[in-house]
Structures are given as C-alpha cells and as structure tokens.
Amino acid sequence: MSDSGLGFSHNRFIALIVFIAFLVLLFEGASELGGDMIKAQVEQTTFKYHPEKNAENRLKPVMVLTTETAIDNSMEETSEAIAADWTAEGSCEQIIESNDMLQFNLKEMVVSSNCKEVTVTLKHTGTMPANVMGHNWVLTNNADFMPVAQAGGAAGADNNYVPIGDQRVLAATTVIGGGQETSVSFSIDSLVVGDGYTFFCSFPGHYAIMKGAFKVI
Ligand code: CU
C-alpha cells in the first residue's frame, strides 16, 4: 500500500496533477480564443473610422451632392446668360424660344417706347407637332391675361387659340409645332411705359406655365 503522505493514494495524486494541468491548458486555450475574438471585434469596429481605410465609401454621399449642385448651377447660368442677351434695352426685335417641355426661355421681355414697331419671333426648338405641343405668343395687359387665355382655349385650333376680334389681344402669333418659327409685328403706341403686360401661350393648358412679363421702358 503506497502513500503520498498527503492523506490520499499515489494514483489519486497523479490524477489530480493531470487534472490541474488539463485545467491550465483549457484556460490558456480559452483565453487565446477570447483574445482573438475581442481583437477581431475591435478591428471590425474601428475599420470604418480609420482615417485612411474606407475613406472612399465615407466620402461618396458628399460627392453626389457636389455633382448635383454643379448641374443646377450650370443650367441657371445658361438660362441667365440667354435672358441677358435677349432683354437688351431698346431692342425692337425680340426672339423667344419654346420647347417640348412647356417652356418659354424668357420670363421677361423688355422693349423701348422708341420702337415704332416691335417684332416678336417665336421659335419652337422641340420636335412635337403643333396639335400636341403647339405654342403661340399672345400679349395682353395683366388684368386681361387670364380671361383672354381662357377665351383663347375656347376659340379652338382653327383660330390659333386666340378669340376673334378681341380688343384685349394686343398682339398674337399663329400656333407652331417643333422645328417651326413664326413672328408678329405690332405698334406699341397704345402701350404705356411702366404698365404691366403679360405674354403667354394660349394653347389649352399652357398659359399657367408659359407666361412672362412684357415691359415698355
Ligand atoms: Cu404652348
């Protein structure tokens, strides 16, 4: 009968040592695994915010905004430049463009009271036909604009959407379609410097958008 001197058998002592060694190994292994997991977690979390990594993805939204702003600015600059060219004081020859998007390219037209006669040329830069996207250029004073526009719609395509013999109509062109142009010449003797006049397209439904101010200076 052997005795370790510790109060239990030699075999049980060996078994205890082996068990403790096993526990130590198990603990070390677990620590290493846990350490790796924490390390991976930290890397994943900080990766997005690292000053050099992933920078492209973080900057993307800013770049999209910059691009859109640039497009808007360029369009504004273009239309402003055109408007500046075509509202020159004293010009008795006015040119205005319309398109397939229900737009005139001018919001304001200015003529000099010195003009014996004013000629307005309307161009249609679109491609749609006159019965679908037709445009004309009609001039009235501000107060007559709405009632004449509505009466114009009722007058029908055969009358270029302009009421026949209506004294409120100061000038009007024919209706044109894409690729066409038309013009009207008229005296501005009856127009008063400083009064408010409106030009518009009387094709049904267009006058709400296709309109602008006509000024005599
Ligand atoms: Cu129109």
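Counting starts at 1 for both ligands and their atoms, following the listed order. We use all heavy atoms of the structure for the numbers below, so side chains are in, but hydrogens, waters and symmetry mates are not. Quick caveat, the model's predicted, so the values are computed rather than measured.
Closest heavy-atom contact between V120 and M109: CG1-CE, 4.1 Å. Closest heavy-atom contact between S202 and F200: CB-CE1, 3.9 Å.
Under the 30°/60° scheme for interplanar angles, the aromatic rings of Y197 and F214 are found to stand perpendicular.
Side chains of T198 and N142: a donor on one and an acceptor on the other come within 3.5 Å. A side-chain N or O of T182 and one of T174 form a donor-acceptor pair less than 3.5 Å apart.
Taking N160 as the reference, nothing meets the side chain to side chain donor-acceptor pair (under 3.5 Å) condition, with sequence neighbours excluded.
Distances shorter than 2.8 Å separate the Cu ion (ligand 1) from the protein N/O/S atoms H135 ND1, C201 SG, H206 ND1.
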